[in-house]
Amino acid sequence: MATFREQVLEVVRSVPYGKVVSYGQVAEMVGAPHSARQVGAVLYGLRDEDGEVPWHRVVNASGGISTYKVGHGELQVALLKAEGVAFVGGGRGEERVDMRAHRWRPELPE
DNA sequence: CGTCTGACGCACC
DNA sequence: GGGTGCGCCAGAC
């Protein structure tokens, strides 16, 4: 059977352009409601052989960017903005994705 | 193969 | 609205 890692990558690859999902949401989608952090662990260990994985479309439940701690925060924000994702909270350094407008709901047709 | 770690989330102040 | 504490469990080492 597919490993947790593979399932996570599969789900992340299915996130549409211009949409985002939370780590916890991905965890639920792979049937592991209490493994949000592990989703992060998988993305953290992404390798070239994993192919195209839109990891930047995964943010925390608040719409905040969690990748600042690994030095990819600015890159992620840039990639999202390039896809037309709106940020809120603004003003200072920290900004959050407007989840209300961009959170992907798999049951809805994109 | 055993331990440590943490790209999280949520319940409580 | 923000800050703190802690459980979670697959990966990395």
Side-chain angles (χ1 to χ4, degrees):
Chain A
M1 83 169 232
T3 64
F4 177 83
R5 224 179 55 85
E6 296 171 314
Q7 295 182 68
V8 169
L9 296 183
E10 185 179 291
V11 169
V12 176
R13 287 197 192 94
S14 70
V15 180
Y17 180 97
K19 290 292 181 178
V20 299
V21 288
S22 72
Y23 294 91
Q25 207 182 326
V26 173
E28 284 187 46
M29 291 172 71
V30 301
H34 295 286
S35 301
R37 299 186 69 163
Q38 284 57 254
V39 172
V42 169
L43 298 182
Y44 178 80
L46 270 185
R47 288 176 278 175
D48 188 61
E49 65 180 74
D50 295 315
E52 288 288 306
V53 179
W55 57 269
H56 59 280
R57 294 179 191 149
V58 185
V59 297
N60 64 44
S62 309
I65 303 302
S66 297
T67 59
Y68 279 115
K69 65 178 70 173
V70 272
H72 289 116
E74 299 204 6
L75 171 60
Q76 179 167 13
V77 172
L79 290 170
L80 288 175
K81 285 184 176 176
E83 297 191 353
V85 174
F87 282 75
V88 296
R92 304 164 311 287
E94 288 302 308
E95 10 180 41
R96 298 178 295 118
V97 172
D98 183 353
M99 293 300 273
R100 212 169 33 171
H102 296 285
R103 181 152 60 86
W104 178 49
R105 296 197 180 47
E107 67 275 10
L108 301 180
E110 8 176 329

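Side-chain atoms are counted along with the backbone in the values below, which use heavy atoms only and exclude waters and symmetry mates. In what follows, every chain begins at residue 1, and chains take the letters A, B, ... in the order their sequences are listed.
Under the rule for a side chain to side chain donor-acceptor pair (under 3.5 Å), the partners of Q76(A) that lie at least two apart in sequence or sit in another chain are T67(A). Annotation: salt bridge (charged side-chain N to carboxylate O under 4.0 Å, His left out) contacts of D98(A) (sequence neighbours excluded): none. Taking the side chain to side chain donor-acceptor pair (under 3.5 Å) definition, one finds that K69(A) meets it with nothing, sequence neighbours left out. With sequence neighbours excluded, the residues forming a salt bridge (charged side-chain N to carboxylate O under 4.0 Å, His left out) with R5(A) are D50(A), listed by chain and number.
Scanning residues 51-63 of chain A for heavy-atom distances under 4.0 Å to DNA chain C yields an empty list. Of the residues in residues 5-26 of chain A, those with a non-hydrogen atom less than 4.0 angstrom from any atom of DNA chain C are R5(A).
Heavy atoms of S35(A) sit under 4.0 angstrom from primed sugar atoms or phosphate atoms, though from no base atom. In this structure, F4(A) reaches the sugar-phosphate backbone alone: every heavy-atom distance under 4.0 Å involves primed, P, OP1 or OP2 atoms, never a base.
Closest approach of A27(A) to A36(A), counting heavy atoms only: CB-N, 3.8 Å.
Residue V11(A) shares its hydrophobic cluster (ILVMFWY side chains chained together at separations under 4.5 Å) with F4(A), V8(A), L9(A), V12(A), V15(A), V21(A), Y23(A), V26(A), M29(A), V30(A), V39(A), V42(A), L43(A), L46(A), V53(A), W55(A), V58(A), L75(A), L79(A), W104(A). Members clustered with Y44(A): V70(A), by chain and number, using a 4.5 Å side-chain heavy-atom cutoff among hydrophobic residues.
Here the CD atom belonging to Q25(A) is positioned 7.5 Å from the CZ atom belonging to R105(A), to the nearest 0.5 angstrom.
Side-chain atoms of H102(A) come within 3.5 Å of backbone atoms of G18(A) as a donor-acceptor pair (strictly under, hydrogens ignored).
Protein chain A contacts DNA chain B over a range whose 5' and 3' limits, counting nucleotides with an atom under 4.0 angstrom from a non-hydrogen atom, are dG6(B) to dG9(B).
Summarising the local packing, CD of E74(A) is surrounded by 12 or fewer heavy atoms from other residues, nucleotides or ligands at distances under 6.0 Å.
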**Message:** Output the pairing pattern of DNA chain B as a dot-bracket string, 5' first, Watson-Crick or G-U wobble with both distances under 3.5 Å, | for cross-strand pairs, [ ] for crossing pairs.
**Reply:** .|||||.||||||
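For the salt bridge (charged side-chain N to carboxylate O under 4.0 Å, His left out) condition, the pairs that include at least one residue of residues 51-65 of chain A, sequence neighbours left out, are R57(A)-E83(A).
When each of E28(A) and H72(A) is assigned the nucleotide of DNA chain B bearing its nearest heavy atom, the one mapping closer to the 5' terminus is H72(A).
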Between the protein and nucleotides 5-7 of chain C, which nitrogen or oxygen pairs come in under 3.5 angstrom?
{"from": "dG7(C)", "atom 1": "O6", "to": "R37(A)", "atom 2": "NH1", "distance (Å)": "2.9"}

